[in-house]
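Along the sequence shown, residues are numbered consecutively beginning with 1.
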Amino acid sequence: MTALGVSLLRGAVTSPFKRAGGPGATLPTGRAVLPAAPAAPAPLAAYRTLCGFTAPETLPLTYPHVLGFPLAMRLMTERSFPLPVLGLVHTWIEITAHRPPRPEDHLELTVYAAELTPHRRGTEVTMVTEARCAGETVWESRSGYLSRHAAAGGTAARSRGTTVRTGTPAVAAETAPPDAPAAGAGLPAVAEWRLPGDLGRRYGAVSGDRNPIHLHPLTARLFGFPRHLAHGMWTVARCLAEAETGSGPGTGTGTRPGTGAGTETGAKDRARIRSVRVEFKAPVLLPATVTYAAAGDAFLLRGGDRVHLTGTVVRER
């Protein structure tokens, strides 16, 4: 069993004994470290193919996060972690490449829990992944994971703003604003992708994330979903691959408005994406047909009228 599989099993065992939202909750201070090493060529090639990345000289912007995810899961399933990992919802991610990581770089990955934030729907934890090459931080990501629960007294948690940094107790401070409509909902369609039913299994094979909700309708139903879900990080990667080059992966048939079936290579002279922020809005149930829409630095992924994610990128000047 892989390290990530062990963490998933440990999370299934420990989650029932954890109660999110308890008073005085603290984050563990430990950090998980993956020793410096270059990316393994075969898994990297498989990831590029599935997600649609084409630049061979740099790592996909999302790939260090994939490499560091088993470390994050190890931390989040430890007994000292205050939130049950079962039911955690990945709500947002920010990724910044201070310089483009290369496949031959010996990257040392460090993962730690940075903040515990009261949220009107529960409690949100921020996990940080940092990649260093020869002591220099070349890449980093921050991800939010929401544990949904009722506040004391049986009402939904309403506070958000005061954060709990590693090792300090949680204290609520201010009232969260109501949900805003999805930003960029009127962006023009750029491409349509038909996602096959086995996409979750294929991404699980290249990423190591074999969470049961992504693998099969039967296993997803055990967790309350009508069908299995596409990985959120695949949807982010696929959107970034399109934003970088306009190229398409081998995940099914794609179309562009007015071009007919098939994929095509877009402009190769687009400025490199330096950073991205994505907000996850709704899961993608497989199989699915989704539309990638974009204009300027904003993009989104939608299925019909339902927005699955919104994002913005910052490019090199």
Measuring from atom [atom1] of [X] to atom [atom2] of [Y], what distance do you get when rounded to the nearest 0.5 angstrom?
| X | Y | atom1 | atom2 | result |
| --- | --- | --- | --- | --- |
| Thr137 | Arg99 | OG1 | CZ | 11.0 Å |
| Phe69 | Leu71 | CZ | CG | 10.5 Å |
| Thr126 | Glu94 | OG1 | CD | 9.0 Å |
| Phe53 | Leu59 | CZ | CG | 10.5 Å |
| Leu34 | Leu107 | CG | CG | 9.5 Å |
| Glu124 | Leu88 | CD | CG | 10.5 Å |

Heavy-atom pair with the smallest gap, counting every atom of [X] and [Y]:
| X | Y | result |
| --- | --- | --- |
| Thr129 | Gly68 | CG2-CA, 4.4 Å |
| Trp234 | Cys51 | CD1-SG, 3.8 Å |
| Pro43 | Ala40 | CD-O, 3.4 Å |

| Within the distance-only criterion (no hydrogens, no angle test), does the side chain of Arg227 pair as donor or acceptor with the backbone N or O of Leu286 below 3.5 angstrom? |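 Yes, the answer is positive, given that a donor and an acceptor are paired below the 3.5 Å cut-off.
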| request: Indicate yes or no for a side-chain donor-acceptor contact from Ser275 to the backbone of Thr96 under 3.5 Å, with no hydrogens or angles considered. | output: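 Pair absent, no side-chain N/O of Ser275 close to backbone of Thr96.
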| message | Please confirm whether the ring centroid of His214 lies under 6.0 Å from the ring centroid of His228. | response |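 No: the rings miss the under 6.0 Å criterion.
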| Trp92 and Phe280 aromatic centres sub-6.0 Å |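 No, too far apart.
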Looking only at the side chains, is there a donor atom on one of [X] and [Y] sitting less than 3.5 Å from an acceptor on the other?
| X | Y | result |
| --- | --- | --- |
| Thr62 | Tyr47 | yes |
| Glu192 | Thr289 | no |
| Thr235 | His308 | no |
| His98 | Glu136 | no |
| Thr123 | His149 | yes |

| task | Start with the C-alpha gap between Glu130 and Trp139, add the side-chain angles, then the distance that decides, and say whether side chain to side chain contact (heavy atoms under 4.5 Å, CB included) holds. | result | CA-CA 6 Å; Glu130 298 171 344; Trp139 180 101; over 6 Å; no
| In terms of hydrophobic clusters joined by side-chain contacts under 4.5 Å, are Leu75 and Leu146 together? |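 No, no single cluster joins them.
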